[in-house]
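Just so it is clear: chains get the letters A, B, ... in the order the sequence lines come, proteins before strands, and each one is counted from 1. The basis for the numbers below is simple: all heavy atoms, side chains too, and nothing from hydrogens, waters or symmetry mates. Here the structure is a predicted model, which is why all the values come from computation and not from measurement.
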Amino acid sequence: MINKSIPVALAAAALTSGWAQAQSSRDYISVVGSSTVYPFATVVAEQFGKTSGFKTPKIESTGSGGGLKLFCSGVGVEYPDITNSSRRIKASEVEGCAANGVTDIIEVKIGYDGIVLANSKASQSFDLSRRDIFNALAKDVPNAAGDGGFIPNPYRTWSEVNPDLPDVEIEVLGPPPTSGTRDAFVELAMEGGCKTFDSIAALKKSDSDAYKARCHSVREDGAFIEAGENDNLIVQKLEANPAALGIFGFSFLDQNADKVQGSEVDGVAPTFENIASGEYPVSRPLYFYVKKAHIDVIPGMKEYLAEFTSEKAWGDEGYLADKGMIPMPTEERQQFADNVASRKNLSMAAN
Amino acid sequence: MSNGTITGAGNPGRTIDTVRAGLDRRYRAERRFRIYGLSAIVLGLLFVSILFITIIGNGYPAFQQTYVKLDIDFDPESLGIGDQRSNAALSGANYQALVRNALKVRFPDVTGRSDRRALNSLISSGASYQLRDAVLDDPTIIGTRRSVWVPADDDVDQLVKGHMDRAAAEGDRRLKDNQLAWLDQLQADGAIEKRFNTTFFTAGDSREPELAGIRGALMGSVFTLIVTLALSFPIGVATAVYLEEFAPRNRWTDLIEVNINNLAAVPSIVFGLLGLAVFINFFGLPRSAPLVGGLVLTLMTLPTIIIASRAALKSVPPSIRDAALGVGASRVQAVTHHILPLAMPGMLTGAIIGMAQALGESAPLLMIGMVAFIVDVPGGFTDPSTVLPVQIYLWADSPERGFVERTSAAIMVLLGFLIVMNALAVLLRKRFERRW
């Protein structure tokens, strides 16, 4: 029995020491948030840890919404300092933050991420319009009469959607609704195509809830396949099934250019240059949010922010661009770098 | 068999005929039954071998890494340190410049800015850290010139390992035609070599596949399992001993027993939610810490250990208990001197199997912040850390091609540990288990 009391004592000691540590200060930066920003934020964190002499920040991949929730739960070392987000913070989240005492937040836009529709190199490449995308993937499409009525999506093959497209069955692998990539795809590509119908554009003015429901509903009859959050898996499945299209982030297309090809959307190919210039329509901004109260408390915060907003990180030839992030134009970068340097508060009115 | 054959003793010929007639059918049925069993086993083995073959096939190249030999001139001017030799100056010096200069000397005819960038990108960004460590180790090498093997970029590594198709169109390759030409020159000089990838076992996580290692995740797993074992084994054994040896049989103990059995079947993610609510939100323990991970996995493994320990205690013959009590031992003496030592091998087996389960678990750890990018190898129970299965999950989701093989290699390491643990459990049972 004596030798058994040792582990118990050890565990008790570990518990109390953990307690003590949680109460005292933290010597590393804690970052949470979007899994889309994760591959970029981690590169900066690693670079920062290896060159600055501070500890490497801890970066959790919690998703944008989960990250903002954690970030907004309070001020103090037990709460994260920074949250990454693949969408802008919502007004409701700002209020939630304020209710917990998180009032001073700095907003930093870091760049753009393109969302691509790609298929295997073994088959023909697609040239889609956003209207084609909507017609192929929406749950209900406007009826032929164009009188504002809807019918369940009747299209089985791409050539039925648009005679110029190949005669293959519609089969699209994409992320599940919990994913930020899915949100952005639905908002940018599907809603973009949806708006081109006059009847739906009219609906937007009269009943914006119904408009959203029409434009954001993805078909559930098997043509759209939820393939999980793992983009690598989608790439592998495209390779195995040349008839299918997949939806994923630009960095995965960049890394797998020998296996898959991106479809043109509205006549624009998903290349680095086209996304950076804003010509490619399906791209979204990436952000991170900083808790001002922590900047002078957590060691290395100022330096981490300086590293992230430096030209060698997010510039046109910075290491983030090498990882597939699309940089912002020079003036926009300058503006956000200035915001960080002057610790300008987030204001929802801007943008 | 019908009644007629048994009672038909007055007509012996008929019985034997019926038996004979049915004999073939019964043999066939037996053969079929054996074939079913055999094919089930073969199918199982087939799946296991497919799993192993794909994982090992994908993963073994990760144990090698491509290195490039560069003639590095440790020139204080390029380092930008002048005459300073203090540690701070040395660690902040510009080691990138040394790598670039070495490439410039090696390929003097590469001049354009984008060409230079393409050339520099052949060498891993880890090269400058390697040079920094070398200089910090021995500052006297400043001013000298030496050949150093530095890690190549992951794209070069993929090419050398044959995972990149040289014949593909230039736009479809990560490496362009001019980069291939430079690499061919280096190759012809014998300046490219594949070596055993020690980084994989000594480094923490990294976003550069050539610099990424499993040490951080492995240490995180070790710390987590220490906490789990230290808590779940004593608590589990104490529970089992009390329930088996001391507790009265009544409705309450029945209820407890049912609950323990139910807990064993609760999905592990539920324990993660519980851990988040209790340990992190209520007790304020740090997120992403092995301490919290260990506590959550303790909850998960407790039922396994309790059930295995009770079975081990039950298998000790009552005669031993009765004999001890009969010669005047107290209940506690009977348990600690006789029953526990005899039941211990069974309990340890249960504990090891529980630990193996905990080692492979990732779902509950998602909830408590252990899905994180952590570069520094954790040194204690409250340092942020991740564990092996979570590291596998994170790598599987990384865009860089080099992580595909590293994912499989990490799975191989995890499987290795699981096999060792299960083998230990089998060995313990074989060596120490007594049968009556």
*Short question: side chain of A:Lys58, backbone of B:Asp383 - any donor-acceptor pair under 3.5 Å?*
no
*Are the side chain of A:Glu46 and the backbone N or O of B:Val375 linked by a donor-acceptor pair below 3.5 Å?*
no
*Taking the side chain as C-beta and beyond, is there a heavy-atom pair between A:Asp258 and B:Arg174 under 4.5 Å?*
no
_What I'd like to find out is whether the side chain of B:Arg207 reaches to under 4.5 Å of the side chain of A:Pro39, using heavy atoms alone._
yes
*With a 4.5 Å cut-off on heavy-atom pairs, point out which of A:Ala45, A:Gly66, A:Ser61 contacts chain B the most.*
A:Ser61
*Go through B:Met370, B:Met164, B:Arg173, B:Arg113 and name the one with the most non-hydrogen pairs under 4.5 angstrom from chain A.*
B:Arg113
*With only heavy atoms counted, which part of B:Leu366 is less than 4.5 Å from chain A, the side chain, the backbone, both or neither?*
neither
*To the nearest 0.5 angstrom, please state how far the CD atom of A:Glu60 sits from the CD1 atom of B:Ile368.*
9.5 Å
_Atom group of A:Gln261 that falls short of 4.5 Å from chain B, counting heavy atoms_ = neither
*Quick one: what part of B:Asp397 sits under 4.5 Å from any heavy atom of chain A, side chain, backbone, both or neither?*
both
*Hey, is the main chain of A:Glu317 close enough, under 3.5 Å, to the side chain of B:Arg117 for a donor-acceptor pair?*
yes
*Determine, stepwise, if the pair A:Lys323 / B:Glu400 fulfils salt bridge (charged side-chain N to carboxylate O under 4.0 Å, His left out).*
CA-CA 9 Å; A:Lys323 284 286 177 189; B:Glu400 290 80 7; 2.7 Å; yes
*Min side-chain heavy-atom separation A:Tyr38-B:Leu394 under 4.5 Å*: yes
*asked:* Under 4.5 Å from any heavy atom of chain A, what part of B:Ala396 do you find: side chain, backbone, both or neither?
replied: both
*Atom group of B:Ser398 that falls short of 4.5 Å from chain A, counting heavy atoms*: backbone
*Look only at the side chain of B:Arg401 and the backbone of A:Gln255, and say whether a donor-acceptor pair between them is shorter than 3.5 Å.*
yes
*Got a second to check how far B:Ser128's OG is from A:Lys50's NZ, nearest 0.5 Å?*
9.0 Å
*Relative to chain B, which segment of A:Pro80 carries a heavy atom at a distance below 4.5 Å: side chain, backbone, both, or neither?*
neither
*Using non-hydrogen atoms only, which part of B:Ile235 is less than 4.5 Å away from chain A: side chain, backbone, both, or neither?*
neither
*Heavy-atom proximity to chain B below 4.5 Å, by part of A:Tyr319*: neither
*Within 6.0 angstrom of A:Lys69 NZ, more than 12 heavy atoms from elsewhere*: no
*Pick from A:Phe250, A:Phe248, A:Phe252: which one makes a side chain to side chain contact (heavy atoms under 4.5 Å, CB included) with B:Pro399?*
A:Phe252
_Please rank A:Thr56, A:Leu70, A:Thr42, A:Asn232 by heavy-atom pairs under 4.5 Å with chain B and give me the top one._
A:Thr42
